[in-house]
Amino acid sequence: MPATGTRKRLADLGAVASGLAHEIRNPLNALYINSQILEEMLAALPEEATDRKEELLSLARANMRVTQRLNDILSEFLRFARPTAMELVVADLNRVVADTLRFLEVDFARRGIELVAAFHPDPLPLFADEKQLRQALLNVLLNAEEALDKEKKVIKVTTGSERGQPFVRVTDNGRGIPRADRKQIFHLFFSTRKNGTGLGLPIVRKIVREHGGKIGIRSREGRGTTVTIFLPPEEQSKARMRERASGRPLPEKVR
Ligand SMILES: Nc1ncnc2c1ncn2[C@@H]1O[C@H](COP(=O)(O)OP(=O)(O)OP(=O)(O)O)[C@@H](O)[C@H]1O
Ligand SMILES: [Mg+2]
């Protein structure tokens, strides 16, 4: 299969990047600890020792913040790159969505965001990793929240089933995605936000793909964005997993 070579190269690249991230972590920790010691030493200096104490302190503190931020990026990247075993259970998409929303409710209310939730009247059974699905949904919801730029802020969350495929849809009335950005939003580290890492949507895509699902995005600049995640229903996922388990390729050589 021609794709195998590419897939293998990507997997190798992922392994190299993870190795690199791990290598960077130790010196980065040393840098953080050194900045912390420096900060403590400066703070302990008597006022008459230097007239630039505040300036030096603020530099040491800035170093601590920057190293902390780099460490966060590395952690998030490593979480993304690590192959994760899926913990599959029978789950109701309605409940997964409701649980995730409960987690954000207070934050939304505080920011004056109107949350409109419309759930499918019947349970939407999946065979899925609930924790991963909550993570994917949370990333999408946070993106929606961060895009809100109008006086009236609305996020609408709908669950449903289309041609037997359960879905969850998140619509915001935020700034929308400029046409030029659309091809890039799933690229690793693509971000237009000041404090964005650009890992949110790549993680969403990874999770949805591993579940055999699909993501659709529709956006109008200045008007808002709609993200829809389709997931295979319980029986379809189970069949897929059974197929995977039995269809595992045999080793090429008998050792
Ligand atoms: N609902 C949305 N409305 C407008 N732009 C969006 C929306 N969702 C994603 N984007 C665009 O896609 C980019 C990538 O999103 P992604 O979630 O991958 O990274 P991020 O949000 O910038 O950073 P983070 O790693 O913290 O999630 C965003 O920076 C933004 O430009
Ligand atoms: Mg994001």
Side-chain angles (χ1 to χ4, degrees), residues 10 13-14 17-18 20-21 24-25 28 65-82 84 96-97 100-101 103-105 107-108 110-118 131-159 167-211 213-231:
L10 282 177
L13 202 61
S18 307
L20 191 64
I24 293 171
R25 185 162 260 182
L28 196 61
R65 275 198 306 277
V66 173
T67 42
Q68 185 70 59
R69 167 96 181 109
L70 283 170
N71 194 48
D72 289 348
I73 294 175
L74 285 183
S75 303
E76 219 179 319
F77 173 73
L78 285 169
R79 233 194 343 259
F80 171 77
R82 193 184 307 136
T84 40
V96 175
V97 174
T100 316
L101 289 179
F103 184 72
L104 284 170
E105 255 165 19
D107 191 40
F108 277 11
R110 206 175 37 217
R111 292 180 187 209
I113 299 167
E114 185 190 340
L115 178 65
V116 185
K131 199 168 144 216
Q132 289 193 17
L133 286 189
R134 281 200 299 269
Q135 172 73 62
L137 198 57
L138 187 67
N139 289 2
V140 171
L141 286 162
L142 289 177
N143 281 349
E145 178 179 7
E146 281 145 7
L148 296 171
D149 59 349
K150 299 176 183 63
E151 190 65 31
K152 187 172 161 62
K153 302 174 170 60
V154 186
I155 293 180
K156 199 174 156 197
V157 180
T158 319
T159 65
F167 70 82
V168 51
R169 179 168 290 151
V170 176
T171 300
D172 66 69
N173 70 336
R175 66 175 72 88
I177 305 172
R179 202 166 283 279
D181 290 351
R182 284 188 204 161
K183 280 207 191 73
Q184 305 187 71
I185 55 171
F186 286 103
H187 291 176
L188 212 50
F189 302 121
F190 175 80
S191 176
T192 57
R193 298 196 298 110
K194 192 164 154 270
N195 290 315
T197 309
L199 277 168
L201 285 178
I203 289 173
V204 175
R205 181 153 77 173
K206 183 179 181 221
I207 292 172
V208 172
R209 278 190 177 165
E210 280 174 355
H211 279 85
K214 281 207 164 69
I215 315 171
I217 296 197
R218 280 173 44 200
S219 190
R220 286 176 71 190
E221 230 181 310
R223 303 287 291 275
T225 302
T226 297
V227 178
T228 310
I229 296 178
F230 285 95
L231 293 159

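Values below: all heavy atoms of this structure, side chains included; hydrogens, waters and symmetry mates excluded. As the structure lists them, so they are numbered: ligands from 1, and atoms in each ligand from 1. Just so you know, residue 1 is the first one in the sequence shown, and it goes up from there.
- In summary, the side chains of S75 and R25 do present a donor paired with an acceptor at a separation below 3.5 Å, with no hydrogens or angles considered.
- In terms of protein heavy-atom proximity, atom 12 (O) of ligand 1 is nearest to I185 CG2, 3.3 Å.
- Summary of contacts: the protein heavy atom closest to atom 14 (C) of ligand 1 is F190 O, 3.3 Å.
- In this structure, CZ in R175 is found 6.5 Å from OG1 in T192, a value given to the nearest 0.5 Å.
- Here D107 pairs with R110 in a salt bridge; the nearest charged N to carboxylate O distance falls below 4.0 Å.
- The shell of residues lying under 4.0 angstrom from ligand 1, judged by heavy atoms, excludes G174.
- The shortest separation from a heavy atom of P202 to ligand 1 is under 4.0 Å, placing the residue in contact.
- Remark: ligand 1 and N195 share no N or O pair separated by less than 3.5 Å (distance only, no angle test).
- Residue D72 holds its CG atom at 8.0 Å from OG1 of T197, rounded to the nearest 0.5 Å.
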CA sep, side-chain torsions, deciding dist, call: I229, V204, side-chain contact (heavy atoms from CB on, under 4.5 Å): CA-CA 9 Å; I229 296 178; V204 175; 4.1 Å; yes
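- Rounding to the nearest 0.5 Å gives a distance of 14.5 Å between CZ of F189 and CD of Q184.
- When the heavy atoms of S219, A144, G198, P178 are ranked by distance to atom 23 (O) of ligand 1, first place goes to G198.
- Among protein heavy atoms, atom 9 (C) of ligand 1 sits closest to N143 ND2, 3.6 Å.
- Ligand 1 lies nowhere less than 4.0 angstrom from a heavy atom belonging to N139.
- Taking a cut-off of under 4.0 Å to the non-hydrogen atoms of G200, the atoms of ligand 1 that pass are 16 (P), 17 (O), 18 (O), 24 (P), 25 (O), 27 (O).
- A side chain to side chain contact (heavy atoms under 4.5 Å, CB included) with N143 is found for exactly one of L201, V227, V170, namely L201.
- Residue contacts with ligand 1 do not include D181, since none of its heavy atoms lies under 4.0 Å from the ligand.
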Check against side-chain contact (heavy atoms from CB on, under 4.5 Å), L141 and L137: CA-CA 6 Å; L141 286 162; L137 198 57; 4.1 Å; yes
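- Closest to atom 6 (C) of ligand 1 among all protein heavy atoms lies I177 CG1, 3.7 Å.
- In this structure, the protein non-hydrogen atom closest to atom 1 (N) of ligand 1 is D172 OD2, 2.9 Å.
- The atoms of ligand 1 that sit less than 4.0 Å from any heavy atom of A147 are 2 (C), 3 (N), 4 (C).
- Rounding to the nearest 0.5 angstrom, the gap separating the CD atom in E145 from the CG atom in L115 is 10.5 Å.
- Protein heavy atom closest to atom 22 (O) of ligand 1, with residue, atom name and distance, is S191 OG, 2.6 Å.
- One of the N, O or S atoms belonging to N143 lies under 2.8 Å away from the Mg ion (ligand 2).
- Atom CG of L138 is separated from atom NZ of K131 by 12.5 Å, given to the nearest 0.5 angstrom.
- The distance from ligand 1 to the heavy atoms of G196 drops below 4.0 Å at these ligand atoms: 22 (O), 23 (O).
- With a heavy-atom cut-off of 4.0 Å, L201 touches ligand 1 through backbone and side chain alike.
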Stepwise side-chain contact (heavy atoms from CB on, under 4.5 Å) check, L199 with L188: CA-CA 6 Å; L199 277 168; L188 212 50; 3.4 Å; yes
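- Looking at T192, V170, I203, it is T192 that brings a heavy atom closest to atom 30 (C) of ligand 1.
- When each atom of ligand 1 is checked for a heavy atom of G176 under 4.0 Å away, the hits are 4 (C).
- Considering both main-chain and side-chain atoms, R193 comes within under 3.5 Å of ligand 1 through a nitrogen or oxygen pair.
- A distance of 15.5 Å separates CZ of F167 from CD1 of I215, quoted to the nearest 0.5 Å.
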